[in-house]
Amino acid sequence: MPDALPPLKNDRFLRAIRRETVDTTPVWLMRQAGRYLPEYRATRAQAGSFMALATNPELACEVTLQPLRRFPLDAAILFSDILTVPDAMGLGLYFADGEGPKFERPVRSVADVDKLAVPDIGSELRYVTDAVSLIRRELDGQVPLIGFSGSPWTLACYMVEGGGSKDFSRIKAMALNEPAALHRLLSVTTDAVVAYLDAQRQAGAQALQVFDTWGGVLAPHMYREFSLRYLQRIASELPRGDGADAAPLILFGKGNAPYLEELAASGAEGIGVDWTVALADARRRTGGKVALQGNLDPTVLYASPEGIRREVGRVIDSFGAGPGHVFNLGHGMSPDMDPEHVAVLVEAVHALGRGQAERRD
């Protein structure tokens, strides 16, 4: 971890994840650093490609800090990609124009699975940990920094499909026809994710999030076997540090509403939820064991300022009185969203959340 860094000036986010009292509801946004900001697009053009941007610590730092210059957000999140781990495992990540991420060497057979190994984080992913350390220094204690990884199941989806998918037919076929091979793939990927997140923590990340973007595509029995099991392993095995330096873990999953009780029992400090479950229900079902993060439908950012404020208030009211809420979107932002609408959202969260905090006393 970087030495001699200043104390945090704004610790709302970390206090909320620890379910401690805060003066107002903290807010950060998934994909808050991204294509909706003109300054991001300019930096991306300067880099020449997405991968050139993501693998340059100085430019990744610049992009991470850009939204904080515009909005009074309560946390920064490392600018990177969830597919850095399988790329470091030798699968050859690239981005095709208009098609999203793809792998040159997808995992399609038992022999392919047997070739996989945990990468050397210190060399293969040094650009990520260097970016984390640089961002921490440049933040100068302004807000906490969140590191992240994709979940084992979500990474496996891209590794087996070779890119995005409409029906995930290849990986579901592997789950049905070669379950032992898929478990080996998920196991080595879990080991890599734990090592990767731990390296980010040691480099200076003050909280860690796992994105289980595609867990919701699974039938319940398959989710528990091929996704939840490995999220539980991460929560159990990931070192978090001690005392004031402890880095809480947040498990986010799109479509994870049916499994909130099991996720809350995993040992993670926070659970991120999408907009398909009311926070009041999520809070009741998790019994105060974890903080809750979410859960505004991202498309609300296309609404009028009045509509945004109304929906922000609805989310805050749904969570209700008491500690343990971090406001966020139920999934990531889209490139055509208006930065001015983001400003309205952040201001509304702090204004309405402050009123809620006063009612908690």
Side-chain angles (χ1 to χ4, degrees), residues 1-30 32-33 57-80 126 128-149 196-210 235 238-252 267-270 272 290-293 322-328 342-343 346-347 349-351 353-354 356-358 360-361:
M1 184 174 296
D3 296 325
L5 290 170
L8 274 173
K9 302 175 181 71
N10 174 356
D11 66 349
R12 284 183 194 129
F13 164 73
L14 291 177
R15 289 180 62 84
I17 290 294
R18 295 193 296 259
R19 290 174 287 132
E20 298 172 358
T21 301
V22 291
D23 62 330
T24 190
T25 304
V27 54
W28 70 275
L29 305 172
M30 288 184 276
Q32 66 188 24
E58 289 75 22
L59 294 182
C61 175
E62 164 62 20
V63 168
T64 298
L65 298 178
Q66 285 172 350
L68 299 175
R69 298 180 188 131
R70 279 185 177 255
F71 317 116
L73 295 155
D74 296 297
I77 183 165
L78 165 72
F79 177 78
S80 188
R126 174 72 179 270
V128 175
T129 54
D130 282 352
V132 169
S133 296
L134 179 58
I135 295 163
R136 271 298 304 272
R137 290 196 299 272
E138 293 299 313
L139 279 171
D140 195 35
Q142 179 183 350
V143 293
L145 173 62
I146 303 168
F148 72 91
S149 173
Y196 182 49
L197 290 173
D198 188 38
Q200 291 183 48
R201 179 185 66 83
Q202 293 188 53
Q206 293 151 289
L208 302 164
Q209 176 154 313
V210 174
L238 177 64
R240 317 267 228 287
D242 300 312
D245 292 329
L249 173 66
I250 302 165
L251 301 178
F252 166 76
E269 286 75 24
V290 292
L292 292 175
Q293 182 175 274
H325 180 210
V326 173
F327 195 101
N328 209 316
V342 177
V346 174
E347 185 278 331
V349 172
H350 285 155
R354 195 173 303 277
Q356 187 76 304
E358 290 168 357
R360 292 169 190 166
D361 293 338

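Since the structure is predicted, the reported quantities are computational estimates derived from the model, not experimental observations.
By the side-chain hydrogen bond (donor to acceptor under 3.5 Å, both in side chains) test, Asp74 is found to be paired with Asn10, Arg12, His350, residues two or more places apart in sequence or in another chain being considered. In terms of the side-chain hydrogen bond (donor to acceptor under 3.5 Å, both in side chains) criterion, residue partners of Arg240 (sequence neighbours excluded) are, by chain and number, Glu269. Every residue two or more places apart in sequence or in another chain that forms a side chain to side chain contact (heavy atoms under 4.5 Å, CB included) with Glu62 is listed here: Thr43, Gln66, Arg69. Residues forming a side chain to side chain contact (heavy atoms under 4.5 Å, CB included) with Ala75 (at least two apart in sequence, or on another chain): Phe13, Trp28, Ile146. In this view, Asp140 and Pro6, Lys9 satisfy the side chain to side chain contact (heavy atoms under 4.5 Å, CB included) rule, not counting sequence neighbours. Shown here are the side-chain hydrogen bond (donor to acceptor under 3.5 Å, both in side chains) partners of Asp130, two or more places apart in sequence or in another chain: Arg126.
Between Val349 and Pro26 the shortest heavy-atom distance is CG1-O, 4.4 Å. Heavy atoms only, all atoms of each residue included: Val27 and Leu29 are closest at CG2-CD2, 4.1 Å. The minimum heavy-atom distance between Ala205 and Ala247, with the atom names listed, is O-CB, 4.0 Å. Among all heavy-atom pairs drawn from Ala16 and Ala291, the shortest one is O-CB, 3.6 Å. When every heavy atom of Ala131 is checked against every heavy atom of Leu78, the shortest pair comes out as CB-CD1, 4.2 Å. In terms of heavy atoms, Ala268 sits closest to Leu249 at CB-O, 3.7 Å.
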Practice item. Could you walk me through whether Val326 and Ile250 pass the side chain to side chain contact (heavy atoms under 4.5 Å, CB included) test, one step at a time? Key: CA-CA 11 Å; Val326 173; Ile250 302 165; over 6 Å; no
Exercise for review: Go through Val128 and Tyr196 one step at a time and tell me if the side chain to side chain contact (heavy atoms under 4.5 Å, CB included) criterion holds.
Suggested key: CA-CA 9 Å; Val128 175; Tyr196 182 49; 3.4 Å; yes
Practice item. Start with the C-alpha gap between Gln206 and Leu8, add the side-chain angles, then the distance that decides, and say whether side chain to side chain contact (heavy atoms under 4.5 Å, CB included) holds. Key: CA-CA 11 Å; Gln206 293 151 289; Leu8 274 173; 3.8 Å; yes
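Within the 4.5 Å cutoff, the side chain of Val342 has no heavy atoms near those of the Arg70 side chain. The closest side-chain heavy-atom distance from Phe252 to Met30 is below 4.5 Å. In this structure, Leu73 and Val143 have side chains that are not in contact, with every pair of non-hydrogen atoms separated by 4.5 Å or more. The shortest distance between side-chain heavy atoms of Arg201 and Pro239 falls below 4.5 Å.
Note that OG1 of Thr64 and CD1 of Ile135 are 3.5 Å apart. Values are rounded to the nearest 0.5 Å. We find the CD-CD distance between Gln209 and Gln200 to be 11.5 Å, quoted to the nearest 0.5 Å. For the atom pair CD1 of Ile17 and CG of Asp11, the computed distance is 12.5 Å after rounding to the nearest 0.5 Å. Between the CZ atom of Arg136 and the CG atom of Leu5 there is a distance of 4.5 Å, given to the nearest 0.5 Å.
Judged by distance alone, with hydrogens and angles left aside, the side-chain atoms of Glu20 form no donor-acceptor pair with the main-chain N or O of Pro323 at under 3.5 Å. Remark: side-chain polar atoms of Ser133 are paired, donor with acceptor, to backbone N or O of Ala203 under 3.5 angstrom. Of the possible polar contacts, one joining the Arg15 side chain to the Thr21 backbone as a donor-acceptor pair under 3.5 Å is found.
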